There are 2 protein chains.
Amino acid sequence: MRMSEGVEWAVHCCLNLAWTGAEHAVSAARLAAYYELPSAYLNKQLQALARDGIVASTPGPRGGFRLARAPESITLLDVVTAIEGPRPAFRCAEIRRRGPGADPADETRCAVDQAMGQADLAWRRELAGRTLGDVMAGVERTAPAVPERVHRWFTT
Amino acid sequence: MRMSEGVEWAVHCCLNLAWTGAEHAVSAARLAAYYELPSAYLNKQLQALARDGIVASTPGPRGGFRLARAPESITLLDVVTAIEGPRPAFRCAEIRRRGPGADPADETRCAVDQAMGQADLAWRRELAGRTLGDVMAGVERTAPAVPERVHRWFTT
DNA sequence: GTTTTAGTACTCGGATAGGCCGTGTCCGAGTGCATCTGG
DNA sequence: CCAGATGCACTCGGACACGGCCTATCCGAGTACTAAAAC
């Protein structure tokens, strides 16, 4: 089980967009250059974010991406879901319904799926409880120079 | 992000081994037949469980697998870790250390990695809090016929 | 009848191919800006 | 000098290859049982 690395890219880019400010649009190429990422592939991730209404895109010259909502109303779960999709990691295939072990009269919920679902829920709850604003506040506390630095780099 | 389906196989097989009883060894072929799974591939998963000391294997005729510990001392996290590996789903690549955005003076922990780590921890805590014994108890409550059914099928 | 011994069938275990999804790249549609031209 | 038209450069957006990991399979090493043979 491995999460797409696009998630890391997406979160960092969202943070940078937040610090840059929604009044400036930043192109995918410029966002990618900041971390030396492949711009075309990052563009793909940004499209996923746009589809879920996390960032807004504008084409043409002076176009690019900007944060569609306030950082305080975007959770990490929103970003992860946009990149990874909404389906949970554990997909119950209901193997207990196949073969000699199958019991047609058994209509109960798969106990394994239930337990895995609860764990997945705890994971999601944790991610949903942390907004981009929270993460930004944490960074600003431990590395106060970063926001100004980012803002300057993306606006000049 | 998708979990290997071997996890589902492994958990169900562990439950069946527990109900069968540690005094009987069950071959991978027989375990696979119960759910019509490819036996050779299931064998691979069982080997992973054996490496982590969850099941014990004995070769030769009348050999097979049996639960190495009491079901109450085997958590779902143990099984998931044995199949999926110990590494967390989110792997921080530290992209913020590359490109123009890199700040050599910044020695802080990546805030994104930290948040993801906390969510991963919550997930693991939930899995570690549920043992095979708990799952068995749940099944025995909702489907009391299953344990006897399994025991009979695997011992005869 | 008992002991030894060879054979055999069955098990796990690791080494070996195929398929799908994440990764990476490319080019086309659309848009705003700058420039040029005519009045 | 000003308005309109034209071309252009830049952007996103989706369609197209590549690679790695999960899936699936096979065969070999080892073991306990069986049966036969010798004593």
Side-chain angles (χ1 to χ4, degrees), chain A residues 1-10 13 17 24-33 35-68 80-87 89-91 93 95 154, chain B residues 1-10 13 17 20 24-33 35-68 80 82-87 89-91 93 95 154:
Chain A
M1 188 179 52
R2 188 174 141 219
M3 190 176 294
S4 164
E5 66 176 330
V7 170
E8 184 181 359
W9 302 4
C13 286
L17 286 176
H24 297 88
V26 183
S27 73
R30 193 154 182 77
L31 279 169
Y35 295 125
E36 283 177 353
L37 303 174
S39 63
Y41 190 33
L42 176 63
N43 189 19
K44 200 182 187 67
Q45 319 291 350
L46 291 170
Q47 286 174 32
L49 293 179
R51 267 192 291 272
D52 277 26
I54 295 172
V55 301
S57 65
T58 53
R62 303 267 306 161
F65 296 91
R66 67 193 74 203
L67 223 54
V80 171
T81 299
I83 304 295
E84 289 287 329
R87 303 186 60 182
F90 182 83
R91 265 94 136 176
I95 62 170
F154 279 106
Chain B
M1 187 177 54
R2 187 176 141 218
M3 191 177 294
S4 164
E5 64 176 330
V7 171
E8 184 182 358
W9 301 4
C13 284
L17 286 177
T20 300
H24 298 88
V26 183
S27 72
R30 193 154 181 76
L31 277 169
Y35 294 126
E36 282 178 354
L37 303 174
S39 63
Y41 189 32
L42 177 62
N43 189 20
K44 200 181 186 65
Q45 318 291 352
L46 291 169
Q47 285 174 33
L49 294 179
R51 266 191 292 272
D52 278 28
I54 295 172
V55 301
S57 65
T58 54
R62 303 266 307 163
F65 296 91
R66 67 193 73 202
L67 224 54
V80 170
I83 303 296
E84 290 287 328
R87 303 186 60 181
F90 181 84
R91 264 94 138 177
I95 62 170
F154 279 106

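Reminder, nothing fancy here: chain letters follow the sequence lines and each chain counts from 1. Predicted, not measured: the structure shown is a model, and the values here were computed from it.
At least one side-chain heavy atom of A:E84 sits less than 4.5 Å from a side-chain heavy atom of A:M3. Residues A:L37 and A:L31 are not in side-chain contact: their nearest non-hydrogen atoms beyond the backbone lie 4.5 Å or more apart. Between A:F90 and B:E8, some side-chain heavy-atom pair lies under the 4.5 Å cut-off.
By the side-chain contact (heavy atoms from CB on, under 4.5 Å) test, B:R30 is found to be paired with B:V26, B:S27, B:W153, B:F154, residues two or more places apart in sequence or in another chain being considered. Every residue two or more places apart in sequence or in another chain that forms a side chain to side chain donor-acceptor pair (under 3.5 Å) with A:Q45 is listed here: A:Y41.
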- Message: Please encode protein proximity along nucleotides 9-25 of chain D as a string of B, S and -, counting only heavy-atom distances under 4.0 Å.
- Response: BBBSBBB-------BBB
